[in-house]
Chemist: 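Take this structure first; my questions come after.
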Amino acid sequence: MSAPTLRIDLAVFADNIRTVRARVAPAELLLVVKDDAYGHGLDRIVMAAVQEQVSWFGSSDLETALAVRFLVGASPRILAWPAGGLARLRNAVAESIDLGVGDLALLDSAAAAAKECGVTARVHLKIDTGLRRNGFRPEQWGDALGRARGYEDAGLIEVVAVWSHIAEASDDEDDAARALFDDAVDAARQAGCAIELRHLAASAASFARPEFTYDLVRVGAFCFGIRSADGPSEQSLGIRPIASFEGAVTQVSTEGVTVALGSFDGVPSTLGARVEVGTPGGRRALLRVDEETMLVEAWPGAAVGDTVVLFGPGGAGEDSATTLAESIGTIGEEILLRVSPLVSRAYR
Ligand SMILES: *Cc1c(COP(=O)(O)O)cnc(C)c1O
């Protein structure tokens, strides 16, 4: 009996990377690999990206950034934008991790870590252009630049980039954010920072709004084939999901077909009676999700051991993770990230 498995197609991942790069050129791709590469498994994803000559990686946390450095060696650039967990800041600075910095405390810590390590820390200063997730507020920007310039003069940091994160929800809001962003870049240059890079866009804006791509785009979702909920189709974007989640039939009864999902609660039970799944007999209703199993509408000839696909690229008639997510008002990442690390990942 085959155990539930998240199957990951690295060739499709490589295709998605090529599609994203062609779309955003001449801007470069920074592949975002936070949350264990969106649940796909950090190591294999990073190594596959290196084969595609991806030269920038990024994660919110320092642990992931350090793990990527271990995998890729010295030359690729790695950006971390830590909100906490600063215990590893010295390691990160010593390992040439670029730091996304959006508050004075982190700026001070970065400079202190650089001093201890005897190196110059590469800093990407973050301006808050409205998302309020973090970043210097526009009214703090002058102070931030002043303090950063002081650390530059002391040889402790080098401000290599200005960046921000936008909502990608409404064009008007994003345009307003972009105007604030451009002002922040101008101010940084006037203050004497040699800004090499500007980066603003994640997946959605990097495809939909060419003027948002600047020098670098930070893309996770689209490289994994996860489209935006209520956004353009995979087909129109030219990407495909790289992961499919499948389980085996353990029982066929008058009630329906029982499929083992493993002993975890990774599949939202709210999907029950809302979506269809892929079976050897085509699309069938997902009747109910229990703790370790799901119950699926029967198909002719259903047998113990048959494979049922909950989400994936569509080969067995299944929907994408994002389509499932839309039926319960969330995003595709949420579905992927809930697949337990205990479920085996199989790569090809
Ligand atoms: C997660 C994240 C991204 C990537 O967003 P996608 O929509 O997955 O491409 C980019 N920038 C920041 C700051 C993020 O946290």
Side-chain angles (χ1 to χ4, degrees), residues 27-28 30 55-63 65-66 68-69 73-166 177-201 214-218:
E28 274 197 79
L30 178 153
S55 57
W56 275 96
F57 294 88
S59 178
S60 43
D61 63 300
L62 294 169
E63 285 73 13
L66 286 163
V68 174
R69 176 62 78 215
S75 57
R77 292 278 182 213
I78 303 168
L79 171 67
W81 49 95
L86 299 186
R88 292 176 184 275
L89 198 58
R90 239 177 305 140
N91 288 8
V93 167
E95 294 289 346
S96 305
I97 307 293
D98 290 19
L99 296 172
V101 173
D103 65 83
L104 289 175
L106 181 56
L107 186 60
D108 292 342
S109 303
K115 191 167 195 174
E116 279 183 56
C117 298
V119 298
T120 303
R122 289 169 49 93
V123 166
H124 299 223
L125 280 186
K126 184 174 187 187
I127 177 84
D128 179 352
T129 49
L131 207 54
R132 293 181 179 268
R133 245 192 238 164
N134 62 45
F136 293 103
R137 301 280 309 141
E139 62 273 17
Q140 303 174 302
W141 192 241
D143 286 348
L145 291 173
R147 180 117 28 132
R149 284 290 302 124
Y151 287 136
E152 282 195 328
D153 288 342
L156 296 176
I157 73 162
E158 186 185 2
V159 179
V160 296
V162 170
W163 69 297
S164 188
H165 197 39
I166 54 172
R178 194 164 81 92
L180 282 175
F181 180 71
D182 288 339
D183 289 347
V185 172
D186 289 345
R189 289 187 166 144
Q190 272 159 25
C193 299
I195 305 299
E196 295 163 23
L197 295 164
R198 300 154 298 165
H199 50 102
L200 185 56
Y214 291 93
D215 306 305
L216 193 64
V217 295
R218 303 180 310 272

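These numbers come from the heavy atoms of this one structure, side chains and all, not from hydrogens, waters or symmetry mates.
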Chemist: Going from CZ on Arg218 to NE2 on His199, what distance comes out if it is rounded to the nearest 0.5 angstrom?
Modeler: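 It is 6.0 Å, given to the nearest 0.5 Å.
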Chemist: Quick one, Val101 and Val159 - any side-chain contact, counting heavy atoms below 4.5 Å?
Modeler: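 Of all side-chain heavy-atom pairs linking Val159 with Val101, none is under 4.5 Å.
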Chemist: Specify the closest pair of heavy atoms between Ala188 and Val162, including all atoms of both residues, with the distance to one decimal.
Modeler: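 Minimum heavy-atom contact is CB-CG2, 3.9 Å.
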Chemist: Could you give the distance from CZ (Arg189) to CZ (Arg198), rounded to the nearest 0.5 Å?
Modeler: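 Reported to 0.5 Å precision, the distance equals 5.5 Å.
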Chemist: What closest approach, in Å, do Thr120 and Gly155 show between heavy atoms, and which atom pair accounts for it?
Modeler: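 Closest pair (atom of Thr120, atom of Gly155, distance): OG1-O, 3.0 Å.
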Chemist: Mind checking what makes ring pair (Phe, Tyr, Trp, His ring centres under 6.0 Å) contact with Trp81, not counting sequence neighbours?
Modeler: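 Trp163.
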Chemist: If you compare all heavy atoms of Ala111 against all heavy atoms of Leu156, which two are closest, and at what distance to 0.1 Å?
Modeler: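 Closest pair (atom of Ala111, atom of Leu156, distance): O-CD1, 3.9 Å.
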Chemist: Applying side chain to side chain contact (heavy atoms under 4.5 Å, CB included), name anything that partners Arg149, two or more places apart in sequence or on another chain.
Modeler: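 For Arg149, the residues satisfying side chain to side chain contact (heavy atoms under 4.5 Å, CB included) (neighbours in sequence not counted) are Glu152, Asp153, Ala191, Cys193.
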Chemist: Over all heavy atoms of both residues, which pair between Asp128 and Gly135 is shortest? Give the atoms and the distance, please.
Modeler: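 Heavy atoms only, the tightest pair is CB-O, 3.6 Å.
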Chemist: Are the side chain of Arg77 and the backbone of Asp98 linked by a donor-acceptor contact shorter than 3.5 Å?
Modeler: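 No, because the side chain of Arg77 does not come within donor-acceptor range (under 3.5 Å) of the backbone of Asp98.
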Chemist: Taking salt bridge (charged side-chain N to carboxylate O under 4.0 Å, His left out) as the definition, give me every residue that meets it alongside Asp108, ordered by chain and number, with sequence neighbours left out.
Modeler: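 So Asp108 forms a salt bridge (charged side-chain N to carboxylate O under 4.0 Å, His left out) with Arg147.
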Chemist: Could you check whether any side-chain heavy atom of Ile195 comes within less than 4.5 Å of a side-chain heavy atom of Leu125, counting everything from C-beta outward?
Modeler: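 Side chain of Ile195 against side chain of Leu125, heavy atoms only: no contact under 4.5 Å found.
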Chemist: Taking all heavy atoms of Gly100 and all of Leu79, pick out the closest pair and write down the distance.
Modeler: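 For Gly100 and Leu79, the tightest heavy-atom pair comes out as N-CD1, 3.5 Å.
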Chemist: How close do Ser164 and Thr129 get, counting heavy atoms only, and between which atoms?
Modeler: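 What the structure gives for the nearest pair is OG-OG1, 2.7 Å.
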Chemist: Going from CG on Asp143 to CZ on Arg137, what distance comes out if it is rounded to the nearest 0.5 angstrom?
Modeler: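 Asp143 atom CG to Arg137 atom CZ measures 14.0 Å (nearest 0.5 Å).
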Chemist: I'd like to check the ring pair (Phe, Tyr, Trp, His ring centres under 6.0 Å) partners of Trp56; sequence neighbours left out, ordered by chain and number.
Modeler: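 For Trp56, the residues satisfying ring pair (Phe, Tyr, Trp, His ring centres under 6.0 Å) (neighbours in sequence not counted) are His124.
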Chemist: Could you pull out all residues at least two apart from Phe181 that satisfy ring pair (Phe, Tyr, Trp, His ring centres under 6.0 Å)?
Modeler: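 By the ring pair (Phe, Tyr, Trp, His ring centres under 6.0 Å) rule, Phe181 matches Tyr214.
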Chemist: Heavy-atom distance under 4.5 Å between the side chains of Asp183 and Ile127, does that happen here?
Modeler: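 Of all side-chain heavy-atom pairs linking Ile127 with Asp183, none is under 4.5 Å.
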Chemist: Restricting to side chain to side chain contact (heavy atoms under 4.5 Å, CB included), what partner residues turn up for Ala80, sequence neighbours left out?
Modeler: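 Counting only residues at least two positions away or on another chain, Ala80 forms a side chain to side chain contact (heavy atoms under 4.5 Å, CB included) with Leu62, Ala65, Pro82, Ile97.
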Chemist: I need the Ile166 CD1 to Leu180 CG distance, nearest 0.5 Å.
Modeler: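 With rounding to 0.5 Å, CD1 (Ile166) is 12.0 Å from CG (Leu180).
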Chemist: Do Arg90 and Cys117 have side-chain heavy atoms sitting under 4.5 Å apart?
Modeler: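 Yes, at least one pair of side-chain atoms sits under 4.5 Å.
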